[in-house]
Each structure stands twice: as structure tokens, then as C-alpha cells.
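This report concerns only the one structure given below.
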Protein chains: 2
Amino acid sequence: MKKANAFMQIGEVAQRTETSIDTIRFYEKSGLIPKPERTDSGYRKYTEETIRRVQFIKRSQELGFSLKEIADLLSLRVDPKTTCRDVKKRSEVKIYDIEKKIRTLQKIKRALSRVAATCKGKGPTSECPILEVLEGNEKK
Amino acid sequence: MKKANAFMQIGEVAQRTETSIDTIRFYEKSGLIPKPERTDSGYRKYTEETIRRVQFIKRSQELGFSLKEIADLLSLRVDPKTTCRDVKKRSEVKIYDIEKKIRTLQKIKRALSRVAATCKGKGPTSECPILEVLEGNEKK
DNA sequence: ATAAACCCTAGAGCTTACTCCAGACTCAAG
DNA sequence: CTTGAGTCTGGAGTAAGCTCTAGGGTTTAT
């Protein structure tokens with residue numbers, strides 16, 4: 001039978017998420033991860049849930065979301081005062097944003113594929129199609 | 001016959017790209033856009049090419065690329081000392097990164113779709129599947 | 001019982017990517 | 001020929017997101 005309270009301390013969270021201890025504490029201050037319980041001596045006690053949160057935060061950042069936007073995404077669950085209708089609307093807006101990001105990434109990818117294909121592997125570069133491909137003007 | 005030298009000045013570039021004049025000059029200082037020609041009195045003279053560059057920079061930023069990474073992407077064309085083989089290799093690495101970004105965005109999107117679908121529009125929120133969906137551990 | 005390896009707080013400092021002056025020149029319109 | 005909008009340079013200031021330091025307490029192994 002697995003031990004019920006397998007708490008870990010901040011160092012382990014940092015290691016497993018490949019962040020720093022300072023960053024974890026910074027996320028706590030910023031409200032991105034909830035204030036954890038403490039041991040009698042004041043050490044923070046974390047669970048697996050925290051690992052998942054931190055990983056979510058890091059990945060979302062790599063995708064161009066600010067910490068504020070990430071807080072938004074995460075709040076799509078925590079606040080019991082928001083109605084479902086509300087959450088639904090907000091998710092749909094986010095979904096739209098994300099689809100736009102995906103489309104732009106696909107354009108860049110196609111442009112890069114073209115770069116790679118054009119280069120047969122010999123001689124110097126002169127022109128590349130990256131800029132041309134991105135001219136379609138999606139309104140923000 | 002179209003006029004050959006339809007130059008614009010910095011204000012127009014700023015307006016059309018929805019950035020500020022200061023930002024354009026900042027990009028120049030940072031090497032993201034080439035130093036433009038000047039009028040006799042010292043005003044910068046730009047072409048359409050600049051518009052495309054600035055737009056490329058802005059979009060790439062929204063996708064989580066730093067200015068340094070963007071400089072990298074753009075340099076996939078300008079430096080005549082790099083061989084095609086080299087450019088090809090670098091493009092392929094970038095393509096891989098971009099594919100990873102797209103996959104993660106798709107995961108977030110699916111999670112959000114689930115949020116939206118689960119909410120039938122009534123009552124308060126309690127749980128959401130955003131965190132669960134992102135557990136697959138792609139190595140950076 | 002003491003060293004090594006943890007953890008704590010508060011606050012200063014750093015990097016990135018702008019953003020905003022001050023003080024001066026340029027240019028088009030009236 | 002003056003006024004107002006636009007531009008110039010150099011440098012200081014700002015916000016986000018960490019990162020580091022000082023000075024101290026805790027835990028574990030020997």
C-alpha cells in the first residue's frame with residue numbers, strides 16, 4: 001500500500017521540473033501556484049499536482065503566453081464564483097487564439113521546409129522564402 | 001509604370017506595422033532590420049521589405065520566439081558565408097522545434113475544448129482537464 | 001555534536017524588450 | 001518666415017520574469 005502523504009520539498013520540485021527554487025517561490029508569490037502547506041519548521045510541502053502545474057506554466061510560456069495569460073488559463077478551473085457559461089466563453093476565446101498561433105506556426109514551418117528543400121546542400125545562400133510566406137494579414 | 005523609389009519614412013512603417021517609432025529604431029540597433037539608407041538630412045528611408053520584416057518579427061514573438069531566435073530565423077538568408085548545407089541543417093532543427101510547439105498547442109486546445117464541452121453553461125466550475133492533458137513528457 | 005546539505009525571508013540586481021525623454025534639426029503649408 | 005508635425009541622437013526609465021545575496025534556521029549522516 002502506497003504511503004498517503006508522499007510530500008516533497010521545494011528542491012525536488014525544482015529538479016523534476018527543471019526550474020530553480022527561486023522560480024518556484026516566485027510563481028507562488030505571483031499566484032500561479034497555490035501556497036503549499038508547511039512543515040512545523042516552515043518548509044514547503046508539495047504534491048505531484050505542483051509538478052504538473054509548473055510544467056504547464058513552462059510549456060505555455062514557450063508558446064508565447066505571458067504569466068498573466070497563463071494565470072487566466074489556469075483560472076479556468078479554480079474560481080468557484082465563475083459560472084460555467086462564463087468559463088465556456090473564455091475557453092472559446094482562448095481556443096481561437098491558439099488556432100491562430102497554430103496557423104502562423106504552420107506558415108513558418110512551411111517556409112522553413114521550403115528553405116531546407118531549396119538548399120540542395122551545396123553553394124552559398126542567396127534568397128529565402130521566409131518573409132514572403134508570412135504576408136497574409138490576419139487581423140489581430 | 002510604377003515609380004521605382006517609393007520610399008517611406010519611419011512614421012509610416014510604425015503605423016503600418018502597428019509598432020512604435022522607437023521600436024523600429026530599437027530593432028535596427030539590435031540588428032533585426034538592416035540599417036536603412038538616409039536622406040541628405042539624415043531621415044531614414046524604408047521600403048516594403050521593412051514592413052514584411054517587422055511583421056515577421058512581431059508574429060514570431062507572439063509565438064514565443066525571443067528576438068535572438070528571430071535573428072537566427074532571419075539569418076537563414078542573409079549571411080553569404082554560411083553554406084547551404086549549414087542553412088539546411090539549421091532549418092531542420094527549427095522545423096522540429098516548431099512541430100513541438102504545434103503539438104503542445106494542440107494539446108492545450110483539446111484540453112480547452114474539453115473544458116468548453118464539459119460546461120453545458122450552467123452551475124459553477126469545479127474541475128477542469130487542462131493540467132491532466134499536458135503530462136506527456138517530451139524532452140526539450 | 002558537528003558538518004553538509006537542505007530550507008527560510010526580504011530585498012537587491014539582472015536581462016529582455018521596449019518606452020520615454022531632452023534638445024535639436026527638417027520640411028510642408030499658409 | 002513662422003508654425004506644427006515629423007525626424008534625429010543619446011541616454012535614462014520601465015515592466016516582466018526571473019536570479020542572487022545575506023543572514024539565518026533545520027535535517028541527516030557520521
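Chain naming here is simple, since letters A, B, ... match the order of the sequence lines and numbering starts at 1 in each.
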message: Let me check something: do A:L73 and A:I51 share a hydrophobic cluster, defined by ILVMFWY side-chain heavy atoms less than 4.5 Å apart, either directly or through other members?
response: yes
- prompt: Is it the case that one hydrophobic cluster holds both B:I21 and B:Y46, taking links as side-chain heavy atoms less than 4.5 Å apart, direct or via other members?
  reply: yes
When the distance from [atom1] of [X] to [atom2] of [N] is rounded to whole Å, what number comes out?
| X | N | atom1 | atom2 | answer |
| --- | --- | --- | --- | --- |
| B:Q9 | D:dT7 | CD | P | 4 Å |
| A:R38 | D:dG25 | CZ | P | 17 Å |
| A:Y43 | D:dT26 | OH | C1' | 4 Å |
| B:D40 | D:dT7 | CG | C1' | 15 Å |

Geometric cation-pi criterion, A:K101 with A:F65: 6.0 Å, 45°: yes
message: So, does B:S41 get its side chain near the phosphate of D:dT7, meaning an N or O under 4.0 Å from OP1 or OP2?
response: no
task: Could you list where the contact with chain A starts and ends along DNA chain C, reading 5' to 3', using a 4.0 Å heavy-atom cut-off?
output: C:dC6 to C:dT9
query: More than 12 non-hydrogen atoms from neighbouring residues, nucleotides or ligands closer than 6.0 Å to CD on B:Q15, yes or no?
result: no
query: Side chains of B:V54 and B:T23: closer than 4.5 Å at any heavy-atom pair?
result: no
- request: Could you tell me whether the side chain of B:T19 reaches within less than 4.5 Å of the side chain of B:V13, counting heavy atoms only?
  value: no
message: Can you list everything that forms a side chain to side chain donor-acceptor pair (under 3.5 Å) with B:E37? Sequence neighbours excluded, please.
response: none
task: Check the pair A:D97, A:K100 against salt bridge (charged side-chain N to carboxylate O under 4.0 Å, His left out), reporting the backbone distance first and the verdict last.
output: CA-CA 5 Å; A:D97 287 355; A:K100 208 170 62 181; 5.3 Å; no
- prompt: Can you give one letter per nucleotide of nucleotides 16-21 of chain D, going 5' to 3': B for a protein heavy atom under 4.0 Å from the base, S for sugar-phosphate only, - for none?
  reply: -BBBB-
